[in-house]
Amino acid sequence: MPPRSEPPGRSTPGAPATPPAPAARPTSERTPPQTWAEDDRPQTLALGLAAAGAVALAAGAVAHVSPDAAPGFTSWPWLAVLALAPVAAAIWAAGKRPALAGGLILGLAALAPGRLVLDLQFAVNGPLAVRPELYLADRFVGGSAVGAGFWLLVAGHLLTVAAGVAAWRASRSAEEPERRRWRLLVPLLAVTASVGLLTAPVSAANGFLLARSSFEGPWPALGGYLLLAAALPLAAALALAAPAERTARGALLGLAAGAFGVAVPPVLAGLLRADLGVTWGPVLVLLTTAVIGALAFTRLTERPANDEADLKIPGLFWWRLVTGLLGLVTAVAALIGSFAPQVAVTALNPGATAPVSAAAESPARWFLLVAAVVLAVTALGVLVPKTAPGARPLLGLLWAGIVLAGTAVLNTALTATQAGNLGGFGGTAAPAFSYDLGAGAAWTFAALVLAVLTALAAVGTGVVEREDAGSAAEADKNVLTPVVAGAVLAVAGFGLPVFTVPGYVAPGLWSDFDTPSWGLLTAAVAVVGAAALALRSRPKPAAALLAGAAVLTGLHAAELPLVGGTLGGASPATGFWLALAAAVALLIAAGLAAAGGRRDA
């Protein structure tokens with residue numbers, strides 16, 4: 001008789017017991033699907049909100065944003081493609097690559113708040129908006145109402161923001177992000193794109209369109225462009241810190257798509273209308289964000305190096321070289337900006353003679369000159385191998401001196417052009433000249449942009465230096481008191497006027513906030529950041545950081561002779577004494593940190 005089959009887990013007498021065969025695991029357990037969240041639930045809310053937002057944005061392009069003005073060209077097909085294409089790609093990717101889809105929505109949502117504030121200009125004062133793809137008047141309009149298109153655009157941006165929140169909640173992970181490639185290049189490209197966003201979107205020969213940069217425009221446009229300029233590099237850095245590589249790829253692609261939605265319309269307006277022209281700012285945005293999108297298709301996660309010393313020294317050399325050269329170029333641009341004319345005067349009547357006051361020389365030009373010289377000396381120190389370790393932290397602070405002085409110089413140029421075009425120098429009712437920003441203002445603005453790039457390069461060099469040096473003892477804790485005192489005094493010093501002059505109101509942080517206030521805020525943040533970083537740095541870099549903060553606060557105190565001296569009758573104010581006290585406290589902290597380093601050695 002054939003042997004009788006036994007059920008699993010049982011054996012015949014005398015035979016060894018055989019364990020039951022393991023049950024086959026479900027397919028979903030062997031190969032878990034790639035989902036946005038750990039609980040494997042379908043995440044459709046983010047996709048639905050993003051799709052609704054894209055449809056609203058496309059509909060807003062079809063409907064007019066105002067009954068008083070129509071788009072300057074047939075823009076709605078282009079705007080619909082720019083709004084719908086990224087979301088359609090996210091929906092297509094959600095089936096097989098949901099992390100990529102989530103990243104796309106996150107990238108789009110990062111720029112939505114800035115675009116929302118930018119569109120608020122239509123409700124505040126539509127005729128001042130430089131948005132020919134949506135609003136271009138063909139007659140003089142003192143003010144305009146908003147139409148259905150405006151509310152659709154607002155709804156589209158709000159839905160996109162909500163989609164980003166839903167995508168972020170669905171893609172949260174406790175995993176540590178892996179080291180990414182391009183973690184320094186991508187933010188640099190994003191900052192370069194931010195510069196293009198702050199320039200004039202188009203050039204115009206149309207009397208009903210006043211084309212100008214964001215700093216010359218009304219507050220909603222300025223706020224929107226500043227939000228976009230800040231969101232681009234920040235979101236790019238956060239995208240590369242995503243735990244999943246596909247989420248990082250999608251976020252970079254979403255950022256590029258969102259930037260295209262801002263930069264493509266003005267380029268099309270310049271190409272499709274004879275009275276408008278293409279400017280370099282939107283083109284720069286398109287080129288840099290296209291590179292960011294292309295990098296998203298490369299491998300983002302670094303492979304572990306076989307050699308622990310893999311290219312550390314050459315990498316540090318090149319980073320210091322780039323940082324030093326950027327610092328020198330920034331100083332040269334600031335030097336030219338301090339001497340070149342800030343206002344360009346064009347005679348409207350033949351034979352008219354320009355008034356001498358039209359030159360509008362800034363009283364802060366000597367301040368910018370000194371800041372440029374200080375930065376140039378420090379940049380040369382970064383290029384010399386022996387002094388580079390100490391000069392690089394200094395350069396990481398002194399770029400803010402260019403912003404501090406440059407914004408004061410630009411304020412003179414902006415005020416002079418506005419006053420001249422309104423009533424002319426001399427108070428004539430019908431000005432015989434047109435006043436525009438001159439070469440000095442252009443070079444000063446270029447110095448501000450280069451200063452930001454120098455700061456990013458200095459930060460990147462500091463990261464490479466820290467990785468190259470490895471772990472080391474932190475700064476001496478005895479420096480805590482003078483560091484905190486110096487930082488508090490510096491914030492108070494930057495917030496209050498350095499000098500007083502009869503009839504002159506100095507911009508500040510707490511009141512009379514104006515263009516120079518952005519420089520004051522930048523310098524204050526730089527000093528506070530350096531103080532916080534010095535407490536977690538090795539003794540020598542900590543001493544260099546604190547010395548740089550002391551020089552920066554001392555440069556602010558030097559406004560008394562450099563700026564107040566040109567105005568005449570200047571006397572020291574509270575901010576001067578606070579800045580001097582902050583510089584002294586930070587120098588004492590730098591000395592204590594250096595002494596602690598010698599003791600450790």
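Heavy atoms only: backbone and side chains are in, while hydrogens, waters and symmetry mates are out. As the structure is a prediction and not an experimental result, all values here were calculated from the model.
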Test item: side-chain donor near acceptor, Thr454 and Thr330, under 3.5 Å: yes
Thr298 backbone acceptor or donor facing Arg249 side chain under 3.5 Å: yes
Residue pair Arg115 / Val262, side-chain heavy-atom distance below 4.5 Å: yes
Any donor-acceptor pair under 3.5 Å from Thr279 side chain to Ala200 backbone: yes
Side-chain heavy-atom pair Val65, Val146 within 4.5 angstrom cut-off: no
Minimum-distance pair of heavy atoms, taken over all atoms of Ala166 and Leu49: CB-CD1, 4.5 Å
Expected output: side-chain Thr515 to main-chain Asn411 donor-acceptor under 3.5 Å: no
Donor-acceptor contact below 3.5 Å, side chain Trp399 vs main chain Gly396: yes
Verdict with reasoning, Leu284 to Thr199, per side chain to side chain contact (heavy atoms under 4.5 Å, CB included): CA-CA 10 Å; Leu284 180 65; Thr199 62; over 6 Å; no
Considering all heavy atoms, the nearest Leu555-Ala371 contact: CD2-CB, 3.9 Å
Thr160 side-chain N/O to Ala50 backbone N/O, donor-acceptor pair under 3.5 Å: no
Sidechain-backbone polar pair: Ser517 side chain, Leu509 backbone, donor-acceptor under 3.5 Å: no
Close side-chain approach of Leu448 to Trp518, heavy-atom, < 4.5 Å: no
Pair Phe339-Arg365, side chain to side chain contact (heavy atoms under 4.5 Å, CB included): steps then yes or no: CA-CA 7 Å; Phe339 288 108; Arg365 63 188 183 278; over 6 Å; no
Under 3.5 Å donor-acceptor, Thr522 side chain and Ala400 backbone: no
Donor-acceptor contact present, side-chain Asp68 to main-chain Ala137, <3.5 Å: no
Worked verdict on Val130 versus Gln121 for side chain to side chain contact (heavy atoms under 4.5 Å, CB included): CA-CA 9 Å; Val130 190; Gln121 180 61 47; over 6 Å; no
Chi angles and distances behind the side chain to side chain contact (heavy atoms under 4.5 Å, CB included) call for Leu153, Leu57: CA-CA 5 Å; Leu153 291 178; Leu57 291 175; 4.0 Å; yes
Closest non-hydrogen atom pair between Tyr135 and Ser66, with its separation: CE1-CB, 3.6 Å
Among Leu253, Leu252, Leu47, Val87, side-chain contact (heavy atoms from CB on, under 4.5 Å) partner for Leu104: Leu253
Shortest non-hydrogen separation from Ala333 to Leu450 and the atoms involved: CB-CD1, 4.1 Å
